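Read through the structure below, which is laid out as structure tokens, and then see the notes.
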Amino acid sequence: MSENLIGYMDDQGNIIDTQSAGENCTATPIEYDNSEAALEIIRHSTAHLMAQAITELYPNSQFFVGPVVDEGFYYDFRVDEQIGENDLKAIEKKMKELIKKKYKIEKYEISKAEALKKFSKDDLKLKVMERIADDTVSIYKQGEFEDLCRGPHVPALRFLHNFKLTRVAGAYLGGDENSEMLTRIYGIAFADKESLKAYLTMMEEAKKRDHRKIGSEMELFMFNEESGAGLPFWMPKGAKLRYKLESILHKAHLTRGYEPVRGPEILKADMWRTSGHYACYGDNMYLTEIDGQEYGIKPMNCIGHIQIFKQTQKSYRDLPLRYYEYGVVHRHEKSGVLHGLLRVREFTQDDAHIFCTPEQIASEVIEVVEFVDAVMKLFNFDYTMEISTKPEKAIGDDDVWEMATQGLKDALNENNLPFTIDEGGGAFYGPKIDIKITDAIGRKWQCGTIQVDFNLPERFEVEYVDEDNTRKQPVMIHRAILGSFERFIGILTEHYAGEFPFFLAPTQVIFVPISESHVVYANMLKKKLLAEGIDSEVYDKNDSLNKRIRTAEKQRVPYVVVIGDEEVTNNTVAIRNRRTREQYNLTQDEFMVELTQQLQEGKI
RNA sequence: GCCCAUAUGGCUCAGGGGUAGAGCACUUCCUUGGUAAGGAAGAGGUCGUGAGUUCAAGUCUCACUAUGGGCUCCA
């Protein structure tokens with residue numbers, strides 16, 4: 001047996017640890033390294049080692065589950081003491097002490113009945129066993145410590161060295177909000193020191209591009225304690241960035257046959273009763289009273305668009321009719337889930353509603369999907385699509401749901417677009433396709449969404465006159481591509497680490513005149529750029545040249561342009577291109593051509 | 001909402017039961033410099049909010065507010 005053998009993998013991809021495998025196991029051996037299978041074993045055992053250390057430090061602790069997850073492992077447990085980040089070091093130290101005792105990890109099996117008796121005083125273990133169907137359970141033992149566990153584990157503690165406990169958190173027992181909250185400690189482990197170090201470095205890098213950090217460094221947006229949580233303020237730089245994104249998208253909507261509309265921010269509560277939001281979404285709505293009547297601030301824009309559609313009589317010739325709005329909505333998100341721009345209580349959706357016939361659903365959905373793809377390509381985003389089906393809390397008939405869901409699947413299938421299914425994840429009024437993009441730290445965020453809705457047109461009695469002069473009900477397709485400007489800009493910021501493409505950068509050019517005599521030329525160029533819709537600044541503060549270049553660079557602007565005697569005399573510019581990290585000289589005309597070309601890149 | 005942590009000048013942070021420090025930023029002056037920090041002087045905070053303990057509280061306790069890490073991943 002190899003020194004480095006820590007388990008086997010059978011034909012089905014199941015991991016068998018050395019404790020479970022017989023003497024002559026013929027399955028593929030798993031060596032101690034950073035392979036997926038090896039890491040799973042190592043991390044699982046590290047979780048146990050952590051539990052053992054916690055038991056020694058906090059003798060009253062009781063353990064629930066300690067699985068391996070995408071990034072490392074965790075263990076949920078109940079403990080009398082409060083454990084904070086500062087206690088993690090002590091636990092790590094104890095873990096290292098335990099390793100020195102060179103325990104083997106042994107396994108034995110007992111019947112479930114015996115196990116129930118053995119752990120009769122441990123209600124968490126009993127809870128765990130409730131979820132086990134088998135008649136026998138396995139127990140792993142290392143030194144004095146033993147734990148009910150399915151495995152797999154490394155043969156001995158000597159395989160565990162390169163780990164780090166990363167954070168302590170609270171977690172509901174079984175993930176149920178109404179259950180008791182246990183303490184959870186997360187950790188990570190690798191087969192070698194270098195990989196652990198690389199992982200920790202990567203986490204540091206991810207922190208550096210955190211949109212909250214960059215957003216405050218670049219003065220894009222802010223929050224304010226006195227004003228309330230989850231309510232973002234857009235500072236001049238952020239507002240410029242946002243305006244550019246809005247403009248790009250505005251043009252893209254017009255070329256795709258959308259028409260701009262706008263509804264009020266607040267509507268009578270009866271509207272929300274009719275729509276079903278009051279019943280299904282009321283907990284998340286901000287309600288108020290005006291002149292003795294209840295009103296609700298809109299959490300969605302659909303109602304406004306429906307009213308506009310209904311204002312004039314529509315013919316089948318008007319369909320598909322596409323209304324779009326940068327709709328400001330308010331939603332009461334739980335305080336604990338707020339997160340920078342990625343989860344806020346007031347945000348602006350790039351929202352549209354397409355009124356069409358059932359026959360037009362597939363082609364409209366395809367067009368939206370193409371629109372989504374164009375936007376994602378513009379920013380080089382990877383994204384995935386997911387179809388969500390009927391949730392528990394829903395309105396509308398089952399067969400209506402079925403028809404709409406099938407419509408979405410057909411649209412994607414016919415175009416060979418891959419998707420996954422989220423059973424029960426739909427909105428209460430219809431099935432949907434969600435577009436999820438991955439941010440710099442690998443987190444997935446739902447951005448765009450395409451939702452088919454047969455319910456609202458019925459509830460609001462939306463109609464059009466068909467070819468045969470009868471009144472029919474159109475279908476509504478709700479869709480957003482960015483999702484919200486807030487979240488999307490948050491993700492963009494992390495994606496680009498603040499180095500936005502030229503067509504989005506809040507300040508696109510910074511001029512640094514070498515001395516006072518060059519300021520006039522710089523200001524003239526600034527004006528010229530502004531006429532082309534390009535934002536620039538002139539850094540003529542009384543600082544040294546080097547200092548001003550440094551300050552300009554730190555702003556992450558695409559172009560820093562130095563202006564001196566040479567440039568003024570020859571009508572040229574000396575460019576520092578921050579995106580390509582190159583330095584070169586251009587004539588004024590060449591410069592204008594280069595910039596306007598880059599503006600064009602933002603066209604979709 | 002729940003668990004844990006954090007909250008000091010605009011920003012980043014140090015300090016720590018006896019009435020606050022640094023760097024950057026800011027203001028003024030000198031310097032007019034060719035590609036990532038020239039020099040000098042100066043202004044600015046009562047330590048998130050409220051209450052309590054104490055002769056004395058940024059410093060201890062409690063509440064609140066805000067921020068951060070979590071709350072699907074099954075022995």
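Sequence lines set the chain letters: A, B, ... in the order given, protein chains first and strands last, and positions in each chain run from 1. Keep in mind the model is a prediction, meaning the values are calculated, not measured.
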Only pairs with both distances under 3.5 Å count, Watson-Crick or wobble alike; so what is the partner of B:U54 in this structure? none

What does A:Ala574 touch in the nucleic acid at a heavy-atom separation under 4.0 angstrom: a base, only the sugar-phosphate, or nothing? base

Between B:G33, B:C71, B:G34, spot the one nearest the side chain of A:Asp565, thanks. B:G34

Among B:A37, B:G70, B:G34, find the nucleotide with the atom closest to the side chain of A:Ser544. B:A37

B:C47 versus B:A20 - spacing of their P atoms, nearest Å: 11 Å

Tell me what A:Gly72 touches on the nucleic acid: a base, only sugar-phosphate, or nothing, going by heavy atoms under 4.0 Å. nothing

Describe the nucleic acid contact of A:Lys541 in one word from base, sugar-phosphate, nothing, applying a heavy-atom distance below 4.0 Å. sugar-phosphate

Whole-Å distance, A:Ile549 CD1 to B:A37 P, equals 9 Å

When the P atoms of B:G58 and B:G21 are considered, how many whole Å apart are they? 15 Å

Ranking B:G1, B:C71, B:A37 by distance to the side chain of A:Ala171, first place goes to B:C71

Specify the separation, in whole Å, of atom CG of A:Leu182 and atom P of B:C4. 12 Å

Just to verify, which of A:Lys237, A:Arg548, A:Lys240 counts as forming a salt bridge (Lys or Arg N to Asp or Glu O under 4.0 Å) with A:Glu537? A:Lys237

Scanning all shown strands, the Watson-Crick or wobble mate of B:A40 with both distances under 3.5 Å is B:U28

Can you tell me if A:Thr183 touches the phosphate of B:C3, counting only side-chain N or O atoms and a distance under 4.0 Å to OP1 or OP2? no

Flag side-chain contact, heavy atom, 4.5 Å: A:Leu57 against A:Ile91: yes

State the pairing partner of B:G17; accept Watson-Crick or G-U wobble contacts with both distances under 3.5 Å, and report none otherwise. none

Mind checking if A:Arg578 touches a base, just sugar-phosphate, or nothing, with heavy atoms under 4.0 Å? base

Among B:A37, B:G1, B:G34, the one nearest A:Lys547 by side-chain distance: B:A37

Does any N or O donor sit under 3.5 Å from an N or O acceptor when you compare the side chain of A:Gln583 with the base of B:G34? no

Measure the distance from CD on A:Glu226 to C1' on B:C64 and round it to the nearest whole Å. 14 Å

Under 3.5 Å on both distances, the Watson-Crick or G-U partner of B:G68: B:C4

For A:Lys125 and B:C74, what is the distance between atoms NZ and P respectively, to the nearest whole Å? 15 Å

Please tell me which of the listed nucleotides, B:C74, B:G1, B:C30, lies nearest to the side chain of A:Val65? B:C74

Could you let me know what B:A63 is paired to, Watson-Crick or G-U wobble, both distances under 3.5 Å, or none if it's on its own? B:U49

For the P atoms, the ones on B:G9 and on B:G45, what distance do you get once it is rounded to whole angstrom? 11 Å

Side chain to side chain contact (heavy atoms under 4.5 Å, CB included) between A:Gln598 and A:Tyr559, intermediate numbers included: CA-CA 12 Å; A:Gln598 293 214 41; A:Tyr559 289 93; 2.3 Å; yes

For A:Lys104, does the NZ atom have more than 12 heavy-atom neighbours from other residues, nucleotides or ligands under 6.0 Å away? no

Watson-Crick or G-U counterpart of B:C74, or none if no pair lies under 3.5 Å: none

Expressed in whole Å, how much space separates the P atoms belonging to B:C13 and B:G17? 22 Å

With heavy atoms under 4.0 Å as the rule, sort A:Gln82 into base, sugar-phosphate or nothing. sugar-phosphate

May I ask you to decide if A:Gln446's main-chain N or O and A:Arg487's side chain share a donor-acceptor pair within less than 3.5 Å? yes

Across all strands, who's sitting opposite B:U12 as a Watson-Crick or G-U wobble pair, both distances under 3.5 Å? B:A22

Is there a side-chain contact between A:Tyr172 and the phosphate of B:G1, meaning an N or O under 4.0 Å from OP1 or OP2? no

B:G69 OP1/OP2 closer than 4.0 Å to side-chain N/O of A:His339: yes

Side-chain contact check for A:Lys554: nearest option of B:C74, B:A36, B:G69 is B:A36

Do A:Arg209 and A:Glu204 sit within salt-bridge range, that is, some charged N less than 4.0 Å from a carboxylate O? no

Using heavy atoms to find the nearest nucleotide of RNA chain B for A:Arg345 and A:Ser138 separately, return the residue whose nucleotide is more 5′. A:Arg345

B:G58: syn or anti, per glycosidic angle within 90° of 0: syn

Rounded to whole angstrom, note down the P distance from B:A40 over to B:U31. 15 Å

Between the side chains of A:Glu205 and A:Lys208, is the shortest nitrogen-to-carboxylate-oxygen separation below 4.0 Å, so that they form an ion pair? yes

For the pair made of CD1 in A:Ile514 and C1' in B:G34, what is the distance, rounded to whole Å? 4 Å

Which part of the nucleic acid, if any, lies within reach of A:Arg167 when heavy atoms closer than 4.0 Å are counted: base, sugar-phosphate only, or nothing? sugar-phosphate

Heavy atoms from C-beta onward define the side chain here; which of B:A36, B:G70, B:G33 lies closest to that of A:Ala169? B:G70

Is the distance between the ring centroids of A:Tyr286 and A:His332 less than 6.0 Å? yes

Rounding to an integer number of Å, can you tell me how far A:Asp543 CG sits from B:A36 C1'? 13 Å

Within the 4.0 Å heavy-atom criterion, would you say A:Arg131 contacts the bases, only the backbone, or no part of the nucleic acid? base

Is there a donor and acceptor pair, one atom on the side chain of A:Asn542 and one on the base of B:U31, closer than 3.5 Å? yes

Given atom CE of A:Met218 and atom C1' of B:G10, what is their separation to the nearest angstrom? 18 Å

Among B:C73, B:G1, B:A5, the one nearest any side-chain atom of A:Lys334 is B:G1

Please report the distance separating the C1' of B:C62 from the corresponding atom of B:A57, rounded so that it comes out in whole Å. 15 Å

Among B:U67, B:G1, B:A37, the one nearest A:Asn546 by side-chain distance: B:A37

From C-beta outward on A:Tyr74, which listed nucleotide comes closest to its side chain: B:G69, B:U31, B:C73? B:C73

Scan A:Val560 against the nucleic acid and name what it touches under 4.0 Å (heavy atoms): base, sugar-phosphate only, or nothing. nothing

For A:Gly84, answer base if it contacts any base atom (sugar-phosphate contacts may also be present), sugar-phosphate if it contacts only those atoms, and nothing otherwise; contact means non-hydrogen atoms under 4.0 Å. sugar-phosphate

Looking at A:Lys541 and A:Asp543, does any basic side-chain N land under 4.0 Å from a carboxylate oxygen? yes

Inter-nucleotide P distance (B:G44, B:A22), Å rounded: 14 Å

Expressed in angstrom and rounded to an integer, what is the separation of A:Arg212 atom CZ from B:C11 atom P? 16 Å

Show your reasoning for whether side-chain hydrogen bond (donor to acceptor under 3.5 Å, both in side chains) applies to A:Tyr58 and A:Asp80. CA-CA 8 Å; A:Tyr58 309 91; A:Asp80 297 335; over 6 Å; no

Heavy atoms under 4.0 Å, any strand shown: does A:Gln555 hit a base, just sugar-phosphate, or nothing? nothing

Nearest-angstrom distance, C1' atom, B:G15 to B:C26: 24 Å

